[in-house]
Amino acid sequence: MKTLPWRALITWLLAAFFLLGGTLNVFASPEILADYARWGYPAGFHLVTGLLEWSAALLILLRRTRFLGGLLGAAIMGAAALTVLLHGEFAHAVPPLIVMSLSLLTAMIWRADRLSTGFRLGG
């Protein structure tokens, strides 16, 4: 019996999440635009968010940049959680906090794997 490739599964799910999230932000619906306005972000900030999410997806998919992708994804989700928490939308903070945790886990696993094989970040 084969074991579930959970590392690959988490990697692909995270990349898919950020790809979808980026797409929903770049091509934002009126409801999403209203959320950004309600939270006090300037017009067009949804594009910045979407492009960062697309970048995180790409970095996570590429083995060599997975650590940075995980950190970027965690930062994006940390900002999302902080935004909704500061606006009293406590239940909406749970999904970003879960994705932030998975992003950090991905970065930590990548880093541990690289260190155990003698690979050094940046070299």
Side-chain angles (χ1 to χ4, degrees):
M1 180 174 160
K2 292 179 72 174
T3 60
L4 181 66
W6 61 273
R7 291 179 185 189
L9 184 62
I10 290 172
T11 299
W12 282 97
L13 287 175
L14 272 177
F17 175 86
F18 285 116
L19 181 62
L20 176 62
T23 301
L24 292 174
N25 277 304
V26 169
F27 303 104
S29 68
E31 294 82 13
I32 290 174
L33 295 175
D35 287 341
Y36 276 95
R38 186 178 76 251
W39 295 325
Y41 289 109
F45 193 76
H46 64 100
L47 297 171
V48 173
T49 303
L51 293 173
L52 286 171
E53 287 177 319
W54 280 347
S55 298
L58 179 62
L59 291 170
I60 287 168
L61 282 175
L62 301 173
R63 178 180 289 285
R64 206 166 165 81
T65 58
R66 192 162 294 150
F67 177 73
L68 296 175
L71 293 181
L72 178 58
I76 294 165
M77 290 296 102
L82 186 60
T83 294
V84 294
L85 286 171
L86 290 174
H87 288 86
E89 301 173 27
F90 302 111
H92 291 139
V94 174
L97 290 172
I98 291 170
V99 176
M100 181 182 78
S101 299
L102 290 173
S103 294
L104 288 173
L105 177 65
T106 297
M108 289 172 25
I109 289 169
W110 184 95
R111 183 77 170 146
D113 285 349
R114 295 286 92 38
L115 291 176
S116 70
T117 60
F119 176 83
R120 298 288 181 240
L121 188 61

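Quick caveat, the model's predicted, so the values are computed rather than measured.
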inquiry  = With rounding to the nearest 0.5 angstrom, report the CG to OG1 distance, L71 to T106.
reply    = 10.5 Å
remark   = Taken to the nearest 0.5 Å, the spacing of I10 CD1 from I60 CD1 works out to 11.5 Å
query = Looking at CG of L72 and OG1 of T65, how far apart are the two atoms once the value is rounded to the nearest 0.5 Å?
reply = 10.5 Å
ask   = After noting the C-alpha distance and the side-chain angles of L14 and F18, does the key distance pass the side chain to side chain contact (heavy atoms under 4.5 Å, CB included) rule?
value = CA-CA 6 Å; L14 272 177; F18 285 116; 4.0 Å; yes
task = State the CG-CH2 distance between L82 and W39, to the nearest 0.5 angstrom.
result = 12.0 Å
remark   = Taken to the nearest 0.5 Å, the spacing of L61 CG from L19 CG works out to 8.5 Å
request  = Would you check, one step at a time, whether the test side chain to side chain contact (heavy atoms under 4.5 Å, CB included) holds for T49 with Y36?
outcome  = CA-CA 10 Å; T49 303; Y36 276 95; 3.2 Å; yes
inquiry  = For a quick test of reading the model, state the closest non-hydrogen atom pair linking A74 to M100 and the distance between them.
reply    = O-CG, 3.5 Å
message = If you compare all heavy atoms of G69 against all heavy atoms of L59, which two are closest, and at what distance to 0.1 Å?
response = CA-CB, 3.4 Å
Min side-chain heavy-atom separation F27-T23 under 4.5 Å = yes
message = To the closest 0.5 Å, what do you measure between CG (L24) and CD (E53)?
response = 8.5 Å
task = Using the six-membered ring wherever Trp is involved, compare the ring planes of F45 and Y41 and label them parallel, tilted or perpendicular (cut-offs 30° and 60°).
result = parallel
key: Main-chain N/O of V84 paired to E89 side chain as donor or acceptor, under 3.5 Å   = no
message = Hydrophobic cluster membership, with links at side-chain heavy-atom distances under 4.5 Å among I/L/V/M/F/W/Y: are L20 and I98 in one?
response = yes
query = Should L47 and N25 count as side-chain neighbours, where that means a heavy-atom distance under 4.5 Å?
reply = no
